[in-house]
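A short write-up of the structure that comes next.
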Amino acid sequence: MTRAYRFPGKGLLIDRARKVQFTFDGRVFQGFHGDTLASALLANGQRLMARSFKYHRPRGVMTAGSEEPSALVEIHEGAQHTPNVRATMQEIYEGLDARSQNRLGSLGFDLLAVNDRLSPFLGAGFYYKTFMWPRAFWEKLYEPAIRRAAGLGRLSGRADDAPYEKAFAHCDLLIIGAGPAGLMAALTAGRAGADVILATEDTQPGGRLLSDQPVIDGQPAPLWVDSVMAELRSLPNIRVMTRTTVTGRYDHGTFGALERVSLHKAPGEAPRECFWRIVARHAILASGALERPLAHPDNDRPGVMLASGVSAQFGRYGVDPGPLVIFSNNDSGLQTARTLTAQGVEIAAYVDPRPIAVTEDFPVYPEALITGTRGRLGLRDVAVRHKDGTSVIAARTLALAGGWNPNIALACHLGARPAWEPVLQSFVMPPGSTPGLGIAGAAAGLLSTRAALMDGRDKALTALSALDLRAAVTDIPQAEDTPYAIAPFWAVDAGGRAWLDFANDVTTKDVKLAAQEGFTAVEHMKRYTTQGMAPDQGKSSNVAALAVLADATGQGIAETGLTTYRPPYGPVSLAALGAGGRGEGFAPVRRLTSDAKSRAMGAPMIEAGLWYRPSYFPRPGETGWREACDREVRLVRVKAGVADVSSLGKIDVQGADAGRFLDFVYTNTMSSLRPGKVRYGLMLREDGFVMDDGTCARLGPEHFLVTTTTSAAGLVMRHLDFVHQAFCADWDVRLLSVTEAWAQFSVAGPRSKEVLGRLGITPGLPFMGWRALSLNGVPARLFRISFSGEEGYEIAVPTRYGAALFDALVAAAEAEEGGAYGMEALNVLRVEKGFLTHAEIHGRVTAGDVGLGRMVSDAKDCIGKAAAQRPGLVENREQLVGLMPVNQGEDLSAGAHLYNEKDPAERAFNQGYVTSVAPSPTLGCWLGLGFLKNGRARHGEVIRLDDGLRRRAVLVEVRDPVFFDPDGGRMRD
């Protein structure tokens, strides 16, 4: 029977009355409600939980939080399983199925542990040196073997069908962390009436107060936490978010946060996780500090932990670590020993490299070092070298206390750089380096309880002042205020391997080797050794590794510097980031207001961007799309046709600088456009290539309406937002997408006036003009524009009236012997006229390539203009041409390549490519658009269209891309 390692009467967060059964590697264990997987396994005597990344060494738990580098497991839920879950963060529930990972065979007998025997050949950068020869072995032997061995956990290969959510929140003050500083800040701000969000990744607020359990105002700290939380929860302006990790800090007070909604419960209908976007007027980082280990030979065995992890596992879950040896270079390690021994934990030895002179209730070894450990699958004893020789001390747990790193990652996400503080032997944020973000408590380097409480209050008062909120000064409760003292000691040099990064198997030797081989810059060392690149991102190991590098290069730690912090702070599942993006949610179905009518008319629907639009409208007797398409094209050319064009992007632009802004984003001038007029426009990307084309209507002196192609609506809106924020944030201009607010319909053909007349509309507009009108009391806009080459109008009404207007327009068109037409006919009509879509402006063409070079105004600057003038974008370009088969009975195909008539179909002879084709009933043959080298000078030349995929070769004549009505009289008259 397994011995229980649960200390009687301890365990603040567990409910001993509620037993929970779970399995680990198929073996049934029992814990209590409130346990984490790590604490429950430790309490059952299971110290071995994982295998290390490279050497497959036995590893156990080191911490009690998200910084855990070693105890990573897989959680299985039926066919679905989630890898690399920290055992310290996974709460147990009835039926939890956890399994170890990164092993071949059983956890206790991992066949890949042979890597540990080969460690002399597998040091840092070994793959750069080992797998270079023989060259032919790389593809057939080395790469397949490396790929099979790489990684930690394994995905199931099945889609994750669990529910996830995304949510948004706004507040006056976001407080990140709920330890003493965070709680005091929340209490101060809450009493002042500020709208506060208090976020903690822990299951309960309190931070280290729940682990160390110091005395506050004469009572155990957990009781003080309970009283504070009772008051906070009584305030309507405070939101407490537990199990919520703030993962990133972004511009304009925006933070990303991941909430573990139901990962502590059996799978059900509740979302597993929710990804929050929080916008705060001000924020306080009270994220505490992370303890770091000391490097010494064999410091990675199961049973070797951080002192803070031991305290948390004992205080929160009642895990008995004894007999315990503590190895510390600072006073907090000594305080941990005192606290634990006072509560009954057996302290076998306290080891400190400093010349301390103290008398305790446990053995103290000053000026001493730990030089080794024993116990293959779990710590058995510790070798201590001291003034009187070397002693071997039996121990179940070894606690390492190498000092504290203020947890400042979030403070650095916008580019601020920390500074080295010699007194703390840690990096801290310089004052004033993080505008809008106050840093409080241990995160600011204040490591006593009273100092943290006071700083939390003071940072809250500063934030409230910035928010123009008055606050009473909250009294600071009495608490310990012990000074912090530390010796700059990082590693024991006693032979053997001393581990720095436990997650990636990086040793002190690896860092020294990097320096020896010239990788002396901290970022180079990081990539050469993979230090800090594992799932824990070096949270506990980075500073010690920098110290070893500094020593190896002869520089100070300050001069060596720190690697760059980037979001996310902790792992974020892609399912949470893309919540709602499964199935149709991945590309939401968007339907036109005419959708029901179009389907009732038998129209098959096709995707256009995210929209579904009718392909064609079949009539009785028609056997396929071609017959319907030809009829609809003739209908527009001879009578009148109606099409729903609501999917085109529509962006409302207003402000005193609206015209100036549009001049900047369009190649041509829009500020000179008169109210009541419409102008065709072209936009370039910053690299000089065409982004989109569309129209711009001036609705008023400071009011414009921009239209975009269907597929580029979101792209253009994002581009305009970026240009505004990045280049002209002080201009008076506002942008709003109104695509979904207006339903818009095209009426085209020689009888289009008559169709409108049947609805009581008298157009009275010149070409490229617009006017507002009332349609049976409904506000509407009428534009005279054409995408067919015929006289054409577009009429827009608020979306809720779209279906009724489409019904009325189709009935009016049919009364004029016309009718509805779909996307197939629309494509034929625009190819006949040489009009562009994103088939042509596909992201690799310039204004000159598509024949619109004269639209780039010489009188003004615009986005992309300078880049478009680079020689490579001006000289020897492929240019837009029309293509007509010499034998007019032959079909053309898009995607084909163009060659000189006698040249072979080889890349070296390629002359261009085909972007669009269409069967033209107007001209009686297929037509094509494409890009041809020096194309505009080759009109009349016969070349070969070669489609190797379809095994088709057709001789075509190069033509002007405008096949039909080249002077445009039909749409202007």
Side-chain angles (χ1 to χ4, degrees), residues 20-31 33 35-41 46 49-51 53 61 66 68 70-107 110 147-167 201 203 242-245 247 256-276 503 534-536 568 570-588:
V20 177
Q21 272 198 347
F22 65 97
T23 62
F24 178 65
D25 280 351
R27 181 181 169 193
V28 177
F29 290 88
Q30 183 174 279
H33 179 76
D35 260 323
T36 64
L37 178 62
S39 66
L41 289 175
Q46 179 71 38
M49 298 184 196
R51 288 283 176 166
F53 170 65
V61 66
S66 64
E68 174 59 40
S70 295
L72 305 181
V73 300
E74 292 177 358
I75 303 300
H76 288 240
E77 298 169 357
Q80 175 64 34
H81 60 262
T82 306
N84 298 332
V85 176
R86 287 164 174 76
T88 52
M89 299 297 287
Q90 176 63 57
E91 298 166 68
I92 64 170
Y93 54 79
E94 194 69 33
L96 171 69
D97 180 7
R99 303 181 193 180
S100 57
Q101 56 186 35
N102 196 43
R103 56 178 169 80
L104 180 61
S106 69
L107 181 60
D110 180 4
R147 287 190 180 279
R148 280 194 297 271
L152 287 170
R154 293 287 185 267
L155 295 170
S156 66
R158 299 173 182 265
D160 184 353
D161 57 2
Y164 294 83
E165 280 187 347
K166 284 191 287 190
E201 67 179 0
T203 59
T242 57
R243 299 186 177 89
T244 302
T245 303
T247 61
L258 183 68
E259 180 185 10
R260 307 187 305 278
V261 179
S262 66
L263 293 180
H264 56 296
K265 304 174 182 176
E269 296 182 0
R272 290 165 59 90
E273 296 173 313
C274 178
F275 188 79
W276 289 83
D536 72 324
V572 179
S573 61
L574 294 177
L577 286 175
R582 179 185 293 118
E584 286 192 350
F586 180 73

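In this chain, residues are counted from 1 in sequence order. These numbers were taken from a predicted model, which means no experiment stands behind them. Keep in mind that the numbers below use all heavy atoms, side chains included, and drop hydrogens, waters and symmetry copies.
Side-chain contact, S106 with R103: no donor N or O sits under 3.5 Å from an acceptor N or O. Using modelled atom types, one finds a donor on one side chain and an acceptor on the other under 3.5 Å when comparing S573 with E273. Judged purely by distance below 3.5 Å, without hydrogens or angles, the side chains of N84 and Q101 pair a donor atom with an acceptor atom. Under the 3.5 Å distance criterion, with hydrogens and angles disregarded, no donor-acceptor pair is assigned to the side chains of T244 and E259. Under the 3.5 Å distance criterion, with hydrogens and angles disregarded, a donor-acceptor pair is assigned to the side chains of R272 and T82.
Ion pairing between a basic and an acidic side chain is recognised when a charged N comes within 4.0 Å of a carboxylate O; K265 and E91 show no such pairing.
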Item to check | From CA spacing to verdict: side chain to side chain contact (heavy atoms under 4.5 Å, CB included), F29, L41 | outcome: CA-CA 8 Å; F29 290 88; L41 289 175; 4.1 Å; yes
Item to check | L96/T23 under side chain to side chain contact (heavy atoms under 4.5 Å, CB included): CA gap, chis, key distance, verdict | outcome: CA-CA 6 Å; L96 171 69; T23 62; over 6 Å; no
Item to check | Verdict with supporting geometry, V20 and D35, side chain to side chain contact (heavy atoms under 4.5 Å, CB included) | outcome: CA-CA 9 Å; V20 177; D35 260 323; over 6 Å; no
Checklist entry - Between D97 and E77, does a side chain to side chain contact (heavy atoms under 4.5 Å, CB included) hold up when you go through it step by step? => result CA-CA 7 Å; D97 180 7; E77 298 169 357; over 6 Å; no
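Annotation: side chain of I75 is in contact with side chain of Q90 (closest heavy-atom distance under 4.5 Å). The closest side-chain heavy-atom distance from L258 to W276 is not below 4.5 Å.
Taking both residues in full, the closest heavy atoms of A98 and L37 are given as CB-CD2, 3.6 Å, listed atom of the first, atom of the second, then distance. Considering every non-hydrogen atom in both S70 and A50, the closest pair reads O-CB, 3.3 Å. Q80 and S156 get closest at one heavy-atom pair: OE1-OG, 3.8 Å. Between D536 and A503, the shortest heavy-atom distance links the atoms OD1-CB, 3.6 Å. Scanning both residues, G31 and A40, for their nearest heavy atoms gives CA-CB, 4.4 Å. Of all the heavy atoms in A270 and S262, the pair that sits closest is O-OG, 3.5 Å.
Atoms CZ and CG, on F53 and L72 in that order, are 11.5 Å from each other to the nearest 0.5 Å. Q21 contributes atom CD, which lies 14.5 Å from atom OH of Y93 (distance to the nearest 0.5 angstrom). Between the CZ atom of R51 and the CG atom of N102 there is a distance of 9.5 Å, given to the nearest 0.5 Å. In this structure, CE on M89 lies 5.0 Å from OG on S66, to the nearest 0.5 angstrom.
Using modelled atom types, one side-chain atom of E68 and one backbone atom of A71 make a donor-acceptor pair closer than 3.5 Å. No donor-acceptor pair closer than 3.5 Å links the side chain of T245 to the backbone N or O of T247. With R99 contributing its side chain and F24 its backbone, the two residues share no donor-acceptor pair below 3.5 Å. The backbone N or O of R154 sits less than 3.5 Å from a side-chain atom of E74, completing a donor-acceptor pair. Judged by distance alone, the side chain of R86 and the main-chain N or O of A38 form no donor-acceptor pair under 3.5 Å.
Summarising the local packing, NE2 of H33 is surrounded by 12 or fewer heavy atoms from other residues, nucleotides or ligands at distances under 6.0 Å.
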